[in-house]
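Comments concern the structure below.
So that the names make sense, note that chain A is the first sequence line, chain B the second, and so on, each numbered from 1. Both backbone and side-chain heavy atoms feed into the values below; hydrogens, waters and symmetry mates do not.
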Number of protein chains: 2
Amino acid sequence: MTKDRLVLLSQHCGDCPIRHRAVCARCDADELRELEAVKYYQKFHAGQSVINAGERMEFVGSVVSGVATLTQTLEDGRTQMVGLLLPSDFVGRPNRAHAAYDVVATTDLMMCCFRKAPFEKLLETTPHITQRLLEMTLDELDAAREWMLVLGRKTAREKIASLLASIANRSNADAGAGCISRQVFDLPITREAMADYLGLTLETVSRQMSALRREGVITLNGTRNVTVPDPTKLSAAAGNDAGIAV
Amino acid sequence: MTKDRLVLLSQHCGDCPIRHRAVCARCDADELRELEAVKYYQKFHAGQSVINAGERMEFVGSVVSGVATLTQTLEDGRTQMVGLLLPSDFVGRPNRAHAAYDVVATTDLMMCCFRKAPFEKLLETTPHITQRLLEMTLDELDAAREWMLVLGRKTAREKIASLLASIANRSNADAGAGCISRQVFDLPITREAMADYLGLTLETVSRQMSALRREGVITLNGTRNVTVPDPTKLSAAAGNDAGIAV
DNA sequence: CGCAGAATTGATACATCTCAAGCTGGGTGG
DNA sequence: CCACCCAGCTTGAGATGTATCAATTCTGCG
């Protein structure tokens, strides 16, 4: 199932599109060289499994391009997404032998992988890596807690609006700051994945998307392309402070 | 509201009950001395606010004894607990000026506080602190993700059972490993706090507690003291793998 | 063109919320 | 010492939001 992975040869970190956002962000030239010694690139195609819960982890790494999901599954098949991995996000848990979650590529995916044991050694000897990973982990913890509020206390409509707002903000951030007045973006995931993200069924996701469209909060071009004519309205629908940004 | 805090004088880290589990766990004698230079103790009584979301943070720190909760609130009053802080747990986010959550003492609480700016400097210069904080943050992230599965995909009954199982395990761990056959513990929180933890109403919590009692999964002595005659049954009720531990 | 996966829509069932009424136990003041 | 009180908790009846089951309808692609 995972044997048709494509392993690429090394390439220089200097050219890397995530050089200044990933776990290597604080590294100087010497430290980068140490990372390069233990790294390799690996390509996954859309739908392919990166690692399954319970499997032995041979590497940790960064998403270079593409999107992956982190999910947890109960024996009866109920699944909950617990992370959405975008470029520069870190995958894997140092000092743990087995994966806790399923990681699946939802688009074609390029990973920068570090062999696990030597990376763990670098964490002991290279403060710039540990410091950056701490910073990123604290950010993820905040995101997870924000998400807990969405899962625990928001209505289906608010959940959808929250997800759309968060994706809109991230694509805006990537595209550089700019017009807040009108946002257009593509959903990187299916309705089913949205449902798994939000603790809903895909039918409810579909119904609420339609409702938001009917009410003019969003417009759809096909099923995946979303435009938000008035971000204030979306923010209000998400239950965020009547749209008053902090 | 927070002016009746009790600030205590320094005391030696060597005697500290959380010395080997908290953020200082990896520190040697020299490093402890550096921490002692920026630390102070602060006592809060049950119900008192430790810090409010949006306030400027003057310190980060560790719970020494007692229990505190981390909560997030929407403007209309809906609240979601996003963390339950027990002894040795870390409070606060280095490199962030303002608190993101409300922290409230639910029992009398002793905090070991580090002045924020000097602590941030120590993170730059003392790898043992950064490494330990990274480890703790990764653990919390895992806990948050486990919790997301509970919030998003479990039924009310399973949510309650999951919470009881997790509290039972933690009190067992504290009391030292031992008899797995029969667990007795006190709930450190009210039904309302349980509801905020699980994304339920307090009425639903109460009903499900009664249901678990009727079915013999738990026994109650008063409202707070729980005994679990058969942990396998509780684990099954929590939706965990038919009770087969991993 | 036609097929398969993805998405929408409808009808109904059910879990949880909401509103409301009582209960319980521990503390306080008369 | 008792009566009262109050926060915490339980229980009930009805309302409501979301899940479930079941057709269709889209959409992209070979």
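- At least one side-chain nitrogen or oxygen of B/Thr204 sits closer than 4.0 Å to the OP1 or OP2 atom of C/dC17.
- Remark: C1' of D/dT10 and CG of B/Leu187 are 15 Å apart, rounded to the nearest angstrom.
- Among the protein residues, B/Thr223 comes within range of the sugar-phosphate backbone only, with heavy atoms under 4.0 Å from sugar or phosphate atoms but none that close to a base.
- For the atom pair CG of B/Leu70 and CE of A/Met148, the computed distance is 9.0 Å after rounding to the nearest 0.5 Å.
- When side chains are defined from C-beta on, B/Glu75 does not count as touching A/Asn240, because their heavy atoms never get closer than 4.5 Å.
- Between the CD atom of A/Gln80 and the P atom of D/dA19 there is a distance of 12 Å, given to the nearest Å.
- Listed nucleotides: C/dT16, D/dT18, D/dT10. Nearest to the side chain of A/Ala156: D/dT18.
- OP1 or OP2 of D/dC9 has at least one side-chain nitrogen or oxygen of B/Arg224 nearer than 4.0 Å.
- Two residues, A/Gly222 and A/Gln208, neighbour DNA chain D, and the one matched to the more 5' nucleotide by heavy-atom proximity is A/Gln208.
- Rounded to whole angstrom, the span from the CZ atom of A/Arg153 across to the P atom of C/dT16 amounts to 13 Å.
- Residue contacts for A/Gly199: at a heavy-atom cut-off of 4.0 Å it reaches the sugar-phosphate backbone alone, with no base atom in range.
- Look at A/Ser206 and you won't find any side-chain N or O under 4.0 angstrom from OP1 or OP2 of C/dA7.
- When the side-chain nitrogen and oxygen atoms of B/Arg207 are compared with OP1 and OP2 of C/dT16, none of them lie within a distance under 4.0 Å.
- One interatomic measurement links the two molecules: CG of A/Leu220 to C1' of D/dC26, which rounds to 13 Å at whole-angstrom precision.
- Interface remark: the B/Glu203 side chain does form a donor-acceptor pair with the C/dC19 base, using a distance-only criterion of under 3.5 Å.
- On a pure distance criterion of 3.5 Å, no polar donor-acceptor pair joins the side chain of B/Glu192 and the base of D/dC9.
- Look at CG on A/Asn221: it is 16 Å from P on D/dC26, rounded to the nearest Å.
- In this structure, CG of A/Leu202 is placed 15 Å from P of C/dG5, rounded to the nearest angstrom.
- A/Ile218 pairs in a side-chain contact (heavy atoms from CB on, under 4.5 Å) with only one of the listed residues (A/Val226, A/Thr227, A/Asp230), which is A/Val226.
- Across the protein-nucleic acid pair, B/Arg78 atom CZ and D/dG17 atom C1' stand 13 Å apart, rounded to whole Å.
- Using a 4.0 Å heavy-atom distance criterion, B/Leu200 is classed as a sugar-phosphate-only contact.
- Following rounding to the nearest Å, B/Glu158 (CD) and C/dA15 (P) show an atom-to-atom distance of 12 Å.
- Classification of the B/Trp147-B/Tyr197 ring pair by plane angle, with boundaries at 30° and 60°, yields parallel.
- Judged by distance alone, the side chain of A/Arg153 and the main-chain N or O of B/Arg78 form no donor-acceptor pair under 3.5 Å.
- Across all strands shown, A/Thr190 has heavy atoms under 4.0 Å from sugar-phosphate atoms exclusively, and none from any base.
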